[in-house]
Number of protein chains: 2
Amino acid sequence: MPRPDDDATAGARRGAGRPRSRVLSRRLILETGLRLMDARGDGGVGIRAIAGELGVQPSSLYNHVSGRDDLIAGVRELISDRIDVAGFDAVPWYDALERWADSYRAAFAAHPSTIALLTVTPLAEGSRTSEMYDAVVRGLVRAGWPEARALSVIVAIENFVLGAALDAAADPDMLDPRTEGRFPAFEAAFAARRESLAALGSAPAEDAYRLGLRAMLSGLRAILSGLRAERGAIGR
Amino acid sequence: MPRPDDDATAGARRGAGRPRSRVLSRRLILETGLRLMDARGDGGVGIRAIAGELGVQPSSLYNHVSGRDDLIAGVRELISDRIDVAGFDAVPWYDALERWADSYRAAFAAHPSTIALLTVTPLAEGSRTSEMYDAVVRGLVRAGWPEARALSVIVAIENFVLGAALDAAADPDMLDPRTEGRFPAFEAAFAARRESLAALGSAPAEDAYRLGLRAMLSGLRAILSGLRAERGAIGR
DNA sequence: ACCTGAACACCGTTCAAGT
DNA sequence: ACCTGAACACCGTTCAAGT
């Protein structure tokens, strides 16, 4: 006769003490956190929410993560894994940067509620994220960017990308003035944009992102040309 | 002989019941929240933290704000009031845009710990906000931007500014690889940036913001020139 | 109308006890 | 080693009672 509290028994209550087979792992906890975050927003990364979803006590998680901050850093790693840095070995730096930015935005736009949380938490040591920065820095320095400026280029684009990812998650009609005649210029611009984008089948957030990224990359190319000229190097 | 629980008596405990003179107001609550946020971070907007600072019970605040969300929206209004759109009536559109972006970021950078919180909560429908958009759209259209594109220009810059504001809220050493030799390019770039910025007395977030904004504005000017040429207008 | 004070349903985290 | 279960110090919010 099988014991009623066997680990394999669905819905059975586990007694105290170490289970015969491990029920948790760091990976399982992080993936559950990301899934819950997508499903129910910021509250999803709660220790208790994840424990509840996994059918364990909240305190059990502390065998695999050191606390809430560690949990958040781990979830970011999961997302960062999908950012594409392969372009830096294949195409010109500005095209690689655009490809990087596009995949960066896509990765976070898929998990909008993580952004504000993740951007404030420091980088975990020796992480996949560090690997990504290393690849992008290499590409920029190879293209002629001064070592001391590379991270500012990266952070500038990151700032824009993360803001754009937040925007992509927001209500498309967020800017609707919902007035008539009180703000003529604003109201006219809103109506004109709606009509113009409807013809193209494009979303407002998409349009602003593409325009902003193109502008920033075009500006960065001009700035790099200036730096090259300063150093007397032959520009391209 | 004065009553020991007189409202005017410093440190005296108030008894139950309506006080003889009002001790709270919405404005006082919001300003205290902003002040505490500056002083002790995200925890400052807590209902209990504000109540403690004002020497009242947590439940007392509910006579003036409807809850935590209302509190946060109110604090944001306080900050947003400092965004400067006056430049659009005084200087070229790109300079006005820079001034607008600077004040936009400064308004939030003055209260760094509010950003992560405020950017998650959707923008409330406020006439002050619509007023701001109306002024910026007017400036852009007057400069030659097509009505249908004006809001994309605005949103692109807003995305960057909000991302930069999030960055300003983060730990300045957030990107510290904290490794030795594992990520040579990344580590070298981090060290070079630190040295270069120390000489200028500038913060990393500041440097990335300025570079990104300059790049974006320069790119936007190029794009507008292209649009003008397309329409056969005389560029400047 | 506006505050107190108690209560309720939540958090994250710690730690002894059990296997 | 890895989980339970109780406990602790927190939250935001509700509501009757008091003036």
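Chain naming here is simple, since letters A, B, ... match the order of the sequence lines and numbering starts at 1 in each.
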Using modelled atom types only, decide if a donor and an acceptor are shared between the side chain of N63(B) and the backbone of S60(B) within a distance under 3.5 Å. yes
According to the interplanar angle, ranging from 0 to 90°, do the rings of Y104(B) and W100(B) count as parallel (below 30°), tilted (30 to 60°) or perpendicular (above 60°)? perpendicular
S25(A) vs G67(B), nearer the 5' end of DNA chain D by closest nucleotide: S25(A)
Find which nucleotide of DNA chain D each of R18(B) and S66(B) is nearest to by heavy atoms, and output the residue with the more 5' nucleotide. S66(B)
Will you find, in the side chains of H111(A) and R82(A), an N or O donor that is under 3.5 Å from an N or O acceptor? yes
Do L97(B) and M216(B) have side chains that get closer than 4.5 Å, going by heavy atoms? no
Output the residues of residues 46-58 of chain A in contact with DNA chain C, where contact means a heavy atom of the residue under 4.0 Å from an atom of the strand; sort by number or write none. G46(A), I47(A), R48(A), P58(A)
Check: E53(A) side chain, A49(A) main-chain N or O, donor-acceptor pair, under 3.5 Å: no
First and last nucleotide of DNA chain C in contact with chain A, 5' to 3', at under 4.0 Å to a heavy atom: what are they? dC11(C) to dT19(C)
For dC3(D), give its Watson-Crick or G-U wobble partner with both distances under 3.5 Å, or none. none
Looking at D167(B) and R105(B), is any side-chain nitrogen of the basic one under 4.0 Å from a carboxylate oxygen of the acidic one? no
Base-pairing assignment for dA17(C) (Watson-Crick or G-U wobble, both under 3.5 Å): none
Give a yes or no on whether R35(A) atom CZ has more than 12 heavy-atom contacts from other residues, nucleotides or ligands under 6.0 Å away. yes
Is there a Watson-Crick or G-U wobble partner for dG12(D) with both distances under 3.5 Å, and if so, which one is it? dC8(C)
Run the salt-bridge test on R210(B) and E98(B) with the 4.0 Å N-O cut-off and return the result as yes or no. yes
